Amino acid sequence: PLHPTQLLTYIHNQILFLSQQPNSASTMAAKSYDKAKKFSDSKKRKYDKQADNTNASSTSLPSNKKRALKAERQSHRKHATTVRSSKEIWNELRIKTNDKETNKKLCTELHVLLQGKFMEVAMQHDASRCVQGVLQFGNDEQRKEVVVELCDAAGAASKKNKGNEKSNQNVNLAELCKIQYAHFVVLKMIKYCARDETCVKLIVKSLKKQMTKLAVHSVGSRVVELLFATFPNKSTAPLKLELYGPQYALFASAIPPKENKKSNAPTLPSLAAFIETNPDKLESTLIHLQTLLQKGLDKSLTGFAYFHSLLLDYTSVASPNDIRSFLTPALAEHSLHLLSTRAGTKVVCECAAYASVKDRKKMIKCLKGYTRSSLLHRDAYLAILRMCDVMDDTVLVNKMLLAELHKNSDAGKGKEEDEEQEMPSSILDLVLSETGSKLFLQLLVSKEEESDDTDKAKTKTMRWQKYQDPYELSVLHRDPSVTENGETVPTSKKADETRRQELLVYLKELLIEACTKHTEEMMRSKPGSKVLMEVCESYPSEEIFDAIVGTCAESLEEEDGESKLSILEDAVGHLTLKHMFLSESKKTLQVDEPFLARKFYSSFEKNLGDIATSNRGAFVLSALMKVTTVQDEVKKALKDHKKNIAKLASKSGGGTGKDKKKGLAGCAVLLEALK
């Protein structure tokens, strides 16, 4: 590039050359000359005569002009001096190494400094932490004073500034809940004042008639979540009334307390019970709830527990068609967020039951990669069971949910060290889990098979129902249907038995592998023993029976009285064997068909006398004798030990009263079977 002086010379020569050209060209050259001159002048250094005066005056101001401007701006705010001093105290108060006396002294100073100004200070983004410090480190009296001042701030402001239009008379606790920084003060109030009944009543009273706005506010929803989670239900009941709409708040009548309840306070009915007694209020209640829920869904509030409860209340009164058309499309892609609570999981199950094929695909895609963690969760496992129960596309279920179970949860950890060691089954943790085992039991047991206890109960009960509690049965209700063109149409077209068998194909090898590799762990575990028995029922094989008998033999050899008991003496293990023998006794077995009783007798033929001398072992042998194929052989083997068994079964023993020794119940049952 040319030097500015050279550039000027060049332009001057061009002007002389173009002086004889038309006026337009000379005008353009003149403009270029002016621009070049300005550029040259800007490069020259100029001496500033006021430099000395500026340096002299700058010593009285901060070196950073932005900091000086900030300090000047803050000085015009309300309570500027107080806020500056309180921030200095808070800076010392937040040090974690402070002792109790230091914190007490600093908190007292901070409380005195902010007294009467808590509302104004709490609304400032940089001073809100000072009010939080008083609530966190203060005593009960100081906290109570802060709560009283914040809850009564609106009334006090209206009296003080009656004629001032610009006063903060509209600022109350509900407004604090909506401010980004101020709402942390309310959270601290709820957290540290939950045990003070007076503070609880003041907070609840201040938030009345504001819940419908706070519940769907992006910031206020955090306050509502902590409020319902921390305060007792009795205190928050008036606030919950507002969420159900004005119809419920006006017409819901309190239920009188029951005699068997500890609390004598009347309770309000559930939303479903209220609609049942007031069916004419259903439409208005549904419209209110739909409007409220839609606002919450638009602001992504699906992670809050109170919102899950609100969704569940809606499903309890809405029709299957309402759930299918309004709720399911909105929640299909947020299913995973709802599985953290019991109420949210039930909402997902209801949506899956009545959803369309398109929405079910969206829901199952959300659960991909979370099958194992969901099955081990106390509530989320129900969503996996429901998806496997209603999805007609079994190939998609295997791809999205069941394929994850083929990968070991510990895969990749210490592969180099444990190359020679055999890897455990990928479903072992699920099989031994109370919740994870429910999936395998649901697929192993047919929905059409009746229970063995049907005759005793005189009512028809299905065998799969004995593995589920009443709550699970209510959530996983069968045959969901919707109304289309005036006709009831099931939401699933495929038969239950067909779907079960198709899904079981993907897990058959995993189940057999787990039963053969980890027989002992499964026999000693309640959930594992149930899975083992059902696998033997569905897929009887020599391999599994050999593993069971081998485990029993090894446990008898290793038993030394100090370590764990043998399988025949284990509280769960002996029951597992007993139920498996009883199950075989009800079957008509073919000659070539493998069965456990024959293998067990062949392996323990010489040890039956020793097994019969223990209580639990005698119960196992009494069940073994009911299998017709080995009944005579077992009787013959125990014939020489009959006297010893009778002696153990007799009730006559040393001592009197409570010290009197009782006979072994198992030996008594075995003795009766030998007769």
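Values in this document were obtained by computation on a predicted structure and should not be read as measured data. For reference, positions follow the sequence shown, starting with 1.
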Indicate yes or no for a side-chain donor-acceptor contact from [X] to the backbone of [Y] under 3.5 Å, with no hydrogens or angles considered.
| X | Y | answer |
| --- | --- | --- |
| S426 | L405 | yes |
| H518 | P424 | no |
| T236 | L239 | no |
| H308 | T302 | yes |
| N278 | D280 | no |
| S538 | V535 | no |
| E225 | F304 | no |

Any side-chain heavy atom of S221 within less than 4.5 Å of one from V216? no
Is the closest side-chain heavy-atom distance between L339 and L367 below 4.5 Å? yes
Identify whether NZ of Lys or CZ of Arg in K240 sits under 6.0 Å from the centre of the six-membered ring of F228 and within 45° of that ring's axis. yes
Do R360's NZ or CZ and the ring of Y354 fall within the cation-pi criteria of under 6.0 Å and 45°? no
Side chains of [X] and [Y]: is there a donor and an acceptor less than 3.5 Å apart?
| X | Y | value |
| --- | --- | --- |
| Q124 | E120 | no |
| D322 | S319 | yes |
| Y467 | E472 | no |
| S128 | Q132 | yes |
| E175 | H183 | no |
| S446 | R463 | no |

Looking only at heavy atoms, the pair that brings M363 and C351 closest together is CE-CB, 4.1 Å
In this structure, which one of R499, K494, K493 forms a side chain to side chain donor-acceptor pair (under 3.5 Å) with D392? R499
Any carboxylate oxygen within less than 4.0 angstrom of a Lys/Arg side-chain nitrogen, looking at R500 and D389? no
Check whether the ring centres of F274 and Y244 lie less than 6.0 Å apart, and answer yes or no. no
Should D140 and R195 be marked as a salt bridge (charged side-chain N to carboxylate O under 4.0 Å, His left out) after you check the CA-CA gap, both sets of side-chain angles, and the distance that decides it? CA-CA 10 Å; D140 294 339; R195 296 184 179 180; over 6 Å; no
